[in-house]
Amino acid sequence: MNDDTERRHERPDAATVLASVADVDGWMTHAQGEALFEAARVCPPGGTIVEIGSFRGRSTIVLAAAADPAVRVVAIDPHAGNDRGPEELNGFEAAASDDHELFLANLRRAGVAERVEHLRIFSHDAHTSIDGEIDVLYVDGAHRYHPALDDIRSWGDRVRPGGSMLIHDSFSSIGVTLAILRTLVPGSRFRYVGRRRSLAIYRADLGHEVSERVANAGRQLAQLAWFVKNVALKIVLRVGGGRIWALVGCDEPEWPY
């Protein structure tokens, strides 16, 4: 058995890894975790995985545990108390230190702390810290339009041909969805593979034929019906309409992610 085979054999399976992060705070569903695991699993030795937005490490652990030991795993998160989660855009500076400490503690507990290079800076300042092309890019950073657009454009440009880009809160967050409509729907590089709820999966292998690009745009535009449903649900929850479910004996719906 050669070294590569031994490394693959020793790496845990998706079920084991996802069970290990079940109690780590975050907004990653089981199916989304499987998608991240699959993308990291096929990242070639010597490749690079970049995560933008780590929070307390739930997705970071999945990416690091799934990847070959020879893959560089970089997590970018300033832990500054802004863009922290649903409806938590600003004013959480007091929680930032806790988020950072819990992030590090969760990575240590999962046994991947030495596998992850954490850059505690904003994503637009991190380009000079990472050389070369990226094999797997996971974007779950600021959800407002302009920073989301910058992450998708500037970091997406660094994904190697054939590499993967996964974007959380796609067709759910208004800012992220507008950024996708602006750059990826009419784009010429990334093929829309599908989504796991709000996790959109793209691959940098879109063909040059006009028919392929039109079909690719159409597959993304078809997700707007789901987007409208999510926005309507958010409005209902924001105005307190979720209590209606409780009145009829049902659980209040989760914030869609």
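The model shown is predicted, which means the values in this text are computed figures rather than measured ones.
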[Y] backbone acceptor or donor facing [X] side chain under 3.5 Å:
{"X": "Arg158", "Y": "Gly132", "answer": "yes"}
{"X": "Asn106", "Y": "Arg56", "answer": "yes"}
{"X": "Asn216", "Y": "Arg191", "answer": "no"}
{"X": "Thr183", "Y": "Ile180", "answer": "no"}
{"X": "Arg72", "Y": "Val50", "answer": "no"}
{"X": "Thr29", "Y": "Gln32", "answer": "yes"}
{"X": "Thr177", "Y": "Ser173", "answer": "yes"}
{"X": "Arg108", "Y": "Ala113", "answer": "no"}
{"X": "Arg219", "Y": "Val193", "answer": "no"}

Please name the pair of heavy atoms, one in [X] and one in [Y], separated by the smallest distance, quoted to 0.1 Å.
{"X": "Leu184", "Y": "Phe190", "result": "CD2-CD1, 3.9 Å"}
{"X": "Ala126", "Y": "Leu119", "result": "CB-CD1, 4.1 Å"}
{"X": "Ala142", "Y": "Ala148", "result": "O-CB, 3.6 Å"}
{"X": "Ala200", "Y": "Phe171", "result": "CB-CE1, 4.4 Å"}
{"X": "Ala40", "Y": "Ala66", "result": "CB-CB, 3.8 Å"}
{"X": "Arg58", "Y": "Asp25", "result": "CB-O, 3.9 Å"}

Next item on the list: Take Leu199 and Ile167 through the test side-chain contact (heavy atoms from CB on, under 4.5 Å) and record every step on the way to the result.
Entry: CA-CA 6 Å; Leu199 179 69; Ile167 306 173; 5.8 Å; no
Checklist line | side-chain contact (heavy atoms from CB on, under 4.5 Å) assessment of Asp150 paired with His124 | finding: CA-CA 8 Å; Asp150 182 65; His124 56 78; 3.8 Å; yes
Do [X] and [Y] come close enough that some side-chain heavy atom pair is under 4.5 Å?
{"X": "Leu181", "Y": "Leu221", "answer": "yes"}
{"X": "Leu166", "Y": "Leu137", "answer": "no"}
{"X": "Ser170", "Y": "Gln220", "answer": "no"}
{"X": "Met165", "Y": "Ile152", "answer": "yes"}
{"X": "Met28", "Y": "Val62", "answer": "yes"}
{"X": "Ile134", "Y": "Arg160", "answer": "no"}
{"X": "Asp135", "Y": "Ile49", "answer": "no"}
{"X": "Asp169", "Y": "Asp140", "answer": "yes"}

Notebook entry, point to check: Do other residues, nucleotides or ligands put more than 12 heavy atoms under 6.0 Å from the CG atom of Leu206?
Noted result: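 Yes, the 6.0 Å shell around CG holds more than 12 heavy atoms from other groups.
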Would you kindly say whether [X] and [Y] are connected by a side-chain donor-acceptor distance under 3.5 Å?
{"X": "Asp99", "Y": "His79", "answer": "no"}
{"X": "Tyr202", "Y": "Arg189", "answer": "no"}
{"X": "Asp151", "Y": "Ser123", "answer": "yes"}
{"X": "Ser59", "Y": "Glu51", "answer": "yes"}

I'd like to know if [X] and [Y] make a salt bridge, using a cut-off of under 4.0 Å between side-chain N and carboxylate O.
{"X": "Asp23", "Y": "Arg109", "result": "yes"}
{"X": "Glu38", "Y": "Arg196", "result": "yes"}
{"X": "Arg11", "Y": "Asp68", "result": "yes"}
{"X": "Asp77", "Y": "Arg120", "result": "no"}

Notebook entry, point to check: Would a hydrophobic clustering, with Ile, Leu, Val, Met, Phe, Trp and Tyr connected at side-chain separations under 4.5 Å, put Phe37 with Val42?
Noted result: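 Looking at the clustering, Val42 is in a separate group from Phe37.
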Next item on the list: Determine whether Trp27 and Leu102 fall in the same hydrophobic cluster, where Ile, Leu, Val, Met, Phe, Trp and Tyr are linked whenever their side-chain heavy atoms lie under 4.5 Å apart.
Entry: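 In one cluster: no.
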Margin query: Within 45 degrees of the ring normal and closer than 6.0 Å to the centroid, is that where the cationic atom of Arg195 sits relative to Trp226?
Written below: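 Ring-cation test returns yes.
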Check: With a 6.0 Å cut-off on ring centres, are Phe103 and His118 close enough?
Finding: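 Between Phe103 and His118, the centre distance is under 6.0 Å.
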Checklist line | Centroid-centroid under 6.0 Å between His127 and Trp155 rings | finding: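 Yes - the distance between ring centres of His127 and Trp155 falls below the 6.0 Å cut-off.
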Gap between atom [atom2] of [Y] and atom [atom1] of [X] - 0.5 Å precision:
{"X": "Ile61", "Y": "Arg115", "atom1": "CD1", "atom2": "CZ", "value": "13.0 Å"}
{"X": "Gln223", "Y": "Ser172", "atom1": "CD", "atom2": "OG", "value": "12.5 Å"}
{"X": "Thr60", "Y": "Leu63", "atom1": "OG1", "atom2": "CG", "value": "6.5 Å"}

Check: With under 30° as parallel and over 60° as perpendicular, where do the rings of Tyr138 and His168 fit, or are they tilted in between?
Finding: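 Because their plane-to-plane angle is over 60°, the rings of Tyr138 and His168 count as perpendicular.
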Next item on the list: Carefully, step by step, assess Tyr145 and Arg182 under the rule side chain to side chain donor-acceptor pair (under 3.5 Å).
Entry: CA-CA 10 Å; Tyr145 171 69; Arg182 173 75 178 273; 2.8 Å; yes
